[in-house]
Each structure stands twice: as C-alpha cells, then as structure tokens.
Amino acid sequence: MKTDLSSQIKLTRIPKKYYNPDTEIELAAIRREEKIYTRIFETADDGADFIAGEIARYIKRYVAQKGKCVLALGAGVSTHRVYASLIKLHKEGKVSFKDVVAFNISEFFPLDAERPSTRRRLSEVFLNHIDIKPENIRSINPAITKETMYEYCQAYEESIANEGGIDVALCEIAPTGAIAFNEPGTPASSYCRLVLLGDGTRQNLTNDYKDSDVPANAITLGIANIASARRVLAIAWGENNSEIIRRTVEEDASSSVPASLLQSHPHVKVVTDLSGAELLTRISQPWKVTSCEWDDKLIRRAIVWLCHKTNKPILKLTNLDYNNWGLGELLALYGSAYNVNIKVFNELQHTITGWPGGKPDADDTYRPERAKPYPKRVVIFSPHPDDDVISMGGTFKRLVDQKHDVHVAYETSGNIAVGDEDMMRYFLMMDKIAPIFGFEDSAYKKLSQEVSDFVSKKNPGDMDSADIREIKTMIRQAEATIACNYIGVKPGNIHFLRLPFYETGAIKKGDLAQRDVDIVKKLLQDVKPHQIFVAGDLADPHGTHKVCTDAVFAAIDELKGEAWLDDCRIWMYRGAWAEWEIDHIEMAVPISPEELRSKRNSILKHQSQMENAPFLGNDDRLFWQRAEERNRATAQLYEKLGLASYEAMEAFVEYKPL
C-alpha cells in the first residue's frame with residue numbers, strides 16, 4: 001500500500017536549476033531575493049537527509065577541534081525526519097554521539113507525567129536510538145516552579161555556557177513564524193524564559209501529541225540563545241508553511257516573524273522542500289532571477305502576474321509591457337506580445353465550462369471534460385461531512401441537475417467537530433418530546449442522564465465517551481443527508497465510509513492503514529465511476545484531508561489495470577482552506593448568483609459547523625463565507641484578465657495517477 005501519494009503530486013515540473021543548481025555561483029544568482037541562505041530539495045526526505053549529513057559533519061568537526069559537540073535540539077514534527085536520518089547514519093557507523101552534549105531547546109510547563117513533553121518526544125524519536133551518554137542529555141527540570149523560574153532559566157543558560165556554548169541548533173519554523181516557542185512579537189534580545197503559548201501554536205501542537213491537553217505555557221531558549229549557536233539549521237516542510245517560509249526568507253527581519261530574526265546570523269541555513277518553497281521568488285516567479293525553462297503553466301503564471309502589474313487584461317498587453325517587466329524572453333520565443341496573449345487567453349477560456357460532467361453531443365476538443373459517456377457515474381469524496389458542499393457545492397448541484405449519477409462518499413464521521421452545546425440541543429428537544437411520543441423509557445432516560453452528567457463534568461481535552469461519539473456521528477450524518485436531499489442526490493447514493501483511522505475519539509488521528517484503503521476500493525469497484533472528485537486542499541491544519549486523499553489515491557493505485565479506471569478522470573477540488581492558483585486550474589465551473597445562494601444554503605444545512613464549530617482554524621470567517629469569497633475572487637480574477645464576468649467560480653485540477 002502506498003500511503004503518501006498526495007505528497008508526490010506534481011502540478012508542474014520545477015526545473016532543478018531553480019531549486020538545486022549545480023554550483024554555488026548559480027545558487028547565489030537565483031537566491032538574490034533571499035536574505036537567508038536557503039536550500040530547497042525535491043522532497044522533505046531529501047532535505048532531512050541533507051540536514052542529517054550536515055549535523056554529522058559538524059559533530060565530527062567540533063569533536064575533532066575541542067573534544068565534544070554541543071547540540072540544541074527541537075522536538076517539532078518537522079525535525080522527526082532529520083532524526084530518522086541521523087539514526088540511520090548512526091546505525092551505518094557514519095556518526096557517533098558519544099561526545100555529543102544535547103540540550104532540549106524548549107519544554108512545556110508545568111511538566112506532568114501524563115501530559116506532553118518535548119523531552120520524552122526527543123527520546124522516543126531520537127535519543128533512545130543512538131549512543132549518546134545519558135548524563136550528556138540536558139533538559140528542563142520538571143520540579144521547577146514559577147517562583148524559581150528566573151533563577152532556573154539563568155542556570156540553564158549557564159550550563160550551556162559551561163559546555164562552551166551551542167555548536168549546532170536545530171529548530172523548526174512553525175506556521176506562525178515561531179522558532180522554539182518564541183511566539184510572534186518576540187524580540188531578538190530574548191533569552192531563556194517562561195512563555196505563554198499562542199492559540200495557533202497550541203492548535204498545531206495538538207496535531208503532534210496524543211494528549212490534546214497541551215499546557216498553556218512553556219520554557220524556551222530565546223532568540224538570542226539560538227542566535228548564539230555557531231551553526232543554526234531551521235526547517236519546515238510542506239505547503240502549509242510556504243507563506244511563512246517566504247516571509248522568513250525574503251521579507252525584512254521582524255519580531256512578527258521570529259524566524260526572520262535569524263537573517264543576521266552568519267551561519268544559518270533554512271532547509272525546505274519544493275512544496276514549502278513554492279512562494280519563494282525563484283520558484284514562483286523565476287523570470288525575476290534567471291533565464292527560464294518556459295512551459296505552458298509558467299507562461300500562464302507570468303502573464304497573469306504581468307496583468308496584475310500593469311493593471312491590464314491579457315489581450316491589451318504590449319511588447320513594451322513585456323520588456324519593461326523582464327519578460328522579453330517570451331517575445332523572443334513567440335515573436336510578439338499578441339502571440340503570447342492569444343495563447344494564454346485561449347488556454348484560460350478553455351478551462352471554463354458550465355458542464356463539469358461533459359456536455360453531451362458537443363465537440364469536446366477544447367473542453368476540460370469529455371462529452372461521452374453520458375450520463376456519467378460520479379463519486380465525490382468528502383473528507384468531512386461538509387467538505388463536498390463547501391468546496392464544490394455549485395459543481396455538485398450542476399452534476400446532479402445535468403442528470404449524472406452522482407454518489408457522495410463521506411470518508412470520516414467528523415464527530416469530534418460537533419460541540420457539546422450542539423449535541424445537548426438535541427437532547428433538550430428529545431427530553432421534551434419523549435413523553436409526548438412515548439419513547440421515554442428507562443433506556444432513554446439512562447442515556448440522557450449519562451450524557452448530561454458526562455458533559456457537566458467534562459474537562460478540556462477529555463475524550464468523549466463511545467456513546468457520545470456515536471451521537472455526534474449521527475448528527476453529522478443527518479446534516480449531510482439533509483444537504484444531499486437539498487441538492488437532489490438519490491438516497492442510495494449517499495455513503496458514510498467512517499474510515500477507521502479517524503475513529504480515535506481524539507484530535508490526534510491514527511495512521512492510514514490497508515483497512516481504510518480497502519473501504520474506498522470497495523466503493524469504487526461497486527460504482528465504477530467515470531469521474532472522481534477528491535480533496536486536493538491539503539492545508540487542512542489537522543491533516544485529515546491529506547489522509548483521506550491518500551486513501552483514495554492508494555485505492556486508485558491498487559486498482560490500476562481495471563478497465564473502468566482507464567475511462568475515469570480524477571479531479572481535485574479546494575475551497576475549505578485555500579484555492580487553486582490560476583496557472584494550475586484546468587476546469588473552472590461558473591456559478592450564478594442563484595447557484596451561489598443555493599450553495600450557501602447547502603452549507604448552512606450543517607448547523608453544527610456554524611458559529612460553535614470548534615475547528616474553524618485561524619480564519620475568522622465561517623466556512624460558507626470563506627467559500628463564497630474564494631469563489632468570487634476566482635471569478636473576479638478571470639474577469640480582470642479579460643474573460644467573461646461571472647458571479648463566482650469553482651476551480652479544479654486533474655490528478656493523473658502516478
């Protein structure tokens with residue numbers, strides 16, 4: 001079973017010369033917009049191997065120079081790949097840790113045996129697997145109190161100084177821009193101290209630790225401590241971190257992005273993968289820093305950028321515009337601005353279709369979907385029981401109205417996203433009507449009382465009982481069913497898969513397993529669809545979208561060779577957390593004002609996910625507001641480029657099985 005296919009999605013080919021050129025001279029040329037030495041690798045595993053190699057090299061150097069090497073180690077999830085690579089090097093005899101002293105870069109406070117601990121995490125993923133001496137592992141004393149905090153932090157810094165200072169600091173760049181637990185607003189002069197963790201940091205931590213009750217405070221080495229290290233390695237992987245990597249590397253240093261304060265360090269490296277680097281200039285706008293290897297997508301991106309810079313639609317761009325903004329290469333390739341303009345205009349025009357399932361009996365040469373067969377069997381996979389309508393509610397309705405046989409598969413129960421208040425609303429109603437309709441028996445009374453007692457005594461982070469999780473599952477299934485009925489889906493075409501990886505009862509989910517993939521495979525083999533829609537919005541902060549998408553892709557991979565799959569197209573949607581960039585869009589479905597209101601109504605059927613939903617993330621907007629604004633923004637972009645004007649648009653990218 002292939003469990004990580006979503007991370008291998010290649011929306012476009014990035015030439016190696018943009019991210020890993022052959023010489024340091026070439027690298028210096030393309031990274032001239034960057035204020036920190038940054039290395040980009042094709043995958044996170046490649047980047048982790050590089051960092052592990054660097055650490056091994058530094059250990060040998062400093063041990064040879066002074067008899068030991070002092071490391072300051074973070075425990076963030078991004079570091080785990082590095083530790084796995086270091087363990088491998090150690091087992092191969094390529095590095096020893098006998099002369100290494102390791103300081104824990106941060107720790108939660110208060111530190112209880114049953115709550116998260118970065119020291120325990122470091123031991124689990126790294127320290128227990130190498131030959132480091134136990135007495136050389138230094139961490140925060142769990143017996144420390146607030147009254148002794150100041151003296152203890154000074155003593156911790158003194159113990160580092162007594163070892164000769166930090167030789168190598170390895171830390172994760174958090175999505176907030178924090179390094180260690182130095183939150184946005186931390187000054188460059190900060191030292192070891194007690195800090196209050198921000199909401200964003202605590203939310204991210206609940207994804208990494210089994211215990212969701214993460215303490216509100218932590219002790220951390222400050223920016224000044226980290227910057228005092230002789231070498232600093234800062235890492236982050238994936239699309240979720242692309243914006244903060246850009247701000248860290250290319251914007252001016254600011255305490256609002258603590259990682260950017262490392263810009264003044266003479267020996268710092270930021271290491272990321274292609275997904276994490278996608279917003280850096282040399283990846284997103286390479287024409288600014290080098291001669292380009294032009295393909296259709298890069299040309300489209302460049303022309304959209306040029307339209308934005310000149311405030312002109314595509315067909316009004318001139319040769320002078322191209323030359324003034326550094327795109328003269330395209331004039332040399334195509335002869336004139338007009339030739340490039342008409343090429344890109346036609347490509348974008350051909351992405352627009354009001355027939356997402358294909359228009360029957362029509363010439364489909366330039367349409368994103370084929371005309372035949374008609375009607376098509378369609379499966380829409382929805383990670384949670386509302387992602388379908390949030391991300392593609394307008395297209396969903398179009399497919400149903402255009403008489404395709406549409407199935408929707410809700411991959412998880414979504415039960416942890418139902419608040420206790422929303423659940424109790426149903427019990428309050430049932431308690432009132434039970435005597436009237438005659439189901440006020442002893443079993444119901446017992447359940448109602450147990451639920452009420454549990455909720456009244458529940459503490460933050462407590463896992464719901466099995467009964468409560470089942471009730472919350474029923475609530476989400478009922479809401480999804482009502483939304484499907486509103487759209488017009490056949491009752492028999494609504495599938496609640498309840499993939500087992502999700503059913504832990506906690507925010508932290510299990511790993512994708514064969515049993516999850518087998519459930520998806522069975523549905524696909526039963527339906528044999530001509531179209532599959534799947535979530536490509538991997539920025540979901542809790543990772544459920546990614547696991548669900550990996551389950552679908554793994555199932556498709558295992559079904560290769562089946563005849564029906566050869567005649568099936570797979571479309572990825574976004575919308576809940578982000579939207580496709582226009583250079584990647586391959587199908588754009590217009591939504592009229594009436595259809596947009598209908599989409600909003602279908603989202604509103606999910607009442608438990610409105611104002612009281614516990615996982616709205618850092619975006620203050622409700623899901624229907626996010627969806628409408630993103631859909632309108634896509635339509636407005638097409639309009640500004642000189643194409644037809646629509647109220648809103650939903651966008652899709654085709655996935656071609658690897």
Side-chain angles (χ1 to χ4, degrees), residues 55 58-59 62 66-76 79 83 97 99-113 115-128 130 132-172 174 178-183 185-198 201 205 209 214-234 258-259 261-262 265 268:
I55 293 173
Y58 292 143
I59 289 173
Y62 291 117
K66 57 178 184 167
K68 63 183 171 184
C69 179
V70 180
L71 304 180
L73 301 176
T79 64
Y83 295 141
F97 297 86
D99 298 312
V100 167
V101 178
F103 283 88
N104 190 4
I105 210 164
S106 57
E107 183 57 280
F108 297 114
F109 180 84
L111 187 58
D112 300 328
R115 300 178 84 181
S117 163
T118 60
R119 168 67 170 82
R120 283 200 300 272
R121 177 57 61 88
L122 268 175
S123 296
E124 292 167 1
V125 302
F126 183 44
L127 299 175
N128 290 347
I130 58 176
I132 190 170
K133 297 173 184 176
E135 63 269 23
N136 284 350
I137 300 173
R138 314 292 169 77
S139 191
I140 309 297
N141 185 342
I144 191 174
T145 65
K146 285 188 177 181
E147 289 73 23
T148 60
M149 182 67 65
Y150 177 74
E151 292 80 6
Y152 182 83
C153 288
Q154 285 190 314
Y156 199 61
E157 291 179 344
E158 186 176 343
S159 67
I160 293 174
N162 290 340
E163 296 292 347
I166 300 168
D167 294 312
V168 183
L170 173 65
C171 51
E172 175 184 63
I179 50 172
F181 284 138
N182 294 286
E183 296 281 344
T186 301
S189 59
S190 59
Y191 284 89
C192 184
R193 69 206 186 283
L194 179 69
V195 296
L196 179 68
L197 300 178
T201 296
L205 288 168
Y209 291 88
V214 174
N217 297 291
I219 302 168
T220 184
L221 292 182
I223 303 291
N225 299 119
I226 296 169
S228 71
R230 295 173 179 86
R231 297 287 187 276
V232 179
L233 299 170
L261 298 174
L262 296 173
H265 195 290
V268 61

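These values consider heavy atoms only, across backbone and side chains, with no hydrogens, waters or symmetry-generated copies.
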Heavy-atom closest pair, residues Leu233 and Ile55
CD1-CG1, 3.6 Å
Answer with yes or no whether the side chains of Glu172 and Thr79 bring together a donor and an acceptor at under 3.5 Å.
no
Using a 3.5 Å distance criterion without hydrogens, assess whether the side chain of Asn136 forms a donor-acceptor pair with backbone atoms of Lys133.
no
Is the side chain of Tyr156 donor-acceptor paired with the backbone N or O of Glu151 at a distance under 3.5 Å, no angle test?
no
When rounded to the nearest 0.5 angstrom, what is the spacing between OG in Ser228 and CD1 in Ile166?
4.5 Å
Mind checking side chain to side chain contact (heavy atoms under 4.5 Å, CB included) for Ala216 and listing every partner two or more places apart, or none if nothing turns up?
Leu196, Arg202
All ring pair (Phe, Tyr, Trp, His ring centres under 6.0 Å) counterparts of Tyr62, not counting sequence neighbours
none
Between Ser106 and Ala180, is there a donor-acceptor pair closer than 3.5 Å when you use the side chain of the first and the backbone of the second?
no
Search all heavy atoms of Ala229 against all heavy atoms of Ala169 and return the closest pair with its distance.
CB-CB, 3.9 Å
Shortest non-hydrogen contact between Ile132 and Leu127, atoms and distance:
CG2-O, 4.0 Å
Taking the side chain from Glu107 and the backbone from Ile140, do they hold a donor-acceptor pair closer than 3.5 Å?
no
Can you list the residues that meet the side chain to side chain contact (heavy atoms under 4.5 Å, CB included) rule with Thr148, with sequence neighbours excluded?
Ile144, Thr145
Under a 3.5 Å distance rule, please check whether Arg121 uses its side chain to pair with a backbone N or O of Arg119 as donor and acceptor.
no
Results of side chain to side chain donor-acceptor pair (under 3.5 Å) for Tyr150 - residues two or more places apart only:
Gln154
Verdict with supporting geometry, Val101 and Glu135, side chain to side chain contact (heavy atoms under 4.5 Å, CB included):
CA-CA 9 Å; Val101 178; Glu135 63 269 23; over 6 Å; no
Side-chain donor or acceptor of His265 paired with backbone N/O of Arg231 under 3.5 Å:
no
When you look at OH of Tyr152, are more than 12 heavy atoms from neighbouring residues, nucleotides or ligands closer to it than 6.0 Å?
yes
All side chain to side chain donor-acceptor pair (under 3.5 Å) counterparts of Thr201, not counting sequence neighbours
Glu183
Search all heavy atoms of Thr186 against all heavy atoms of Leu261 and return the closest pair with its distance.
O-CD1, 3.5 Å
Applying side chain to side chain contact (heavy atoms under 4.5 Å, CB included) to Glu158 and Ile160, what does each step give before you reach the verdict?
CA-CA 5 Å; Glu158 186 176 343; Ile160 293 174; over 6 Å; no
Testing the basics here: between Gly165 and Val70, what is the closest heavy-atom pair and its distance to 0.1 Å?
O-CB, 3.3 Å
Among residues at least two apart in sequence or on other chains, which ones pass ring pair (Phe, Tyr, Trp, His ring centres under 6.0 Å) with Phe126?
Tyr83, Phe97
Show me the pairs that pass salt bridge (Lys or Arg N to Asp or Glu O under 4.0 Å) and involve residues 160-169, at least two apart or across chains.
Lys66-Asp167, Lys68-Glu163, Arg138-Glu163, Asp167-Arg230
Side chain to side chain donor-acceptor pair (under 3.5 Å) filter on Ser139, not counting sequence neighbours, yields Asn104
Using the test side chain to side chain contact (heavy atoms under 4.5 Å, CB included), find all partners of Asn128 that sit at least two apart in sequence or belong to another chain.
Ser123
Exercise: identify the closest heavy-atom pair between Leu111 and Phe108:
CB-O, 3.9 Å
To the nearest 0.5 Å, atom CZ of Phe103 lies from atom CG of Leu73 at 10.5 Å
Sequence neighbours left out, cut at 3.5 Å: what donor-acceptor pairs do the side chains of residues 219-227 make with other protein atoms?
unit_1 : atom_1 : unit_2 : atom_2 : d
Thr220 : OG1    : Phe181 : N      : 3.2
Asn225 : OD1    : Cys192 : N      : 2.9
Asn225 : OD1    : Gly222 : N      : 2.8
Asn225 : ND2    : Glu157 : OE2    : 3.3

Quick one: do Ile105 and Cys171 satisfy side chain to side chain contact (heavy atoms under 4.5 Å, CB included)? Show the steps, please.
CA-CA 8 Å; Ile105 210 164; Cys171 51; 4.1 Å; yes
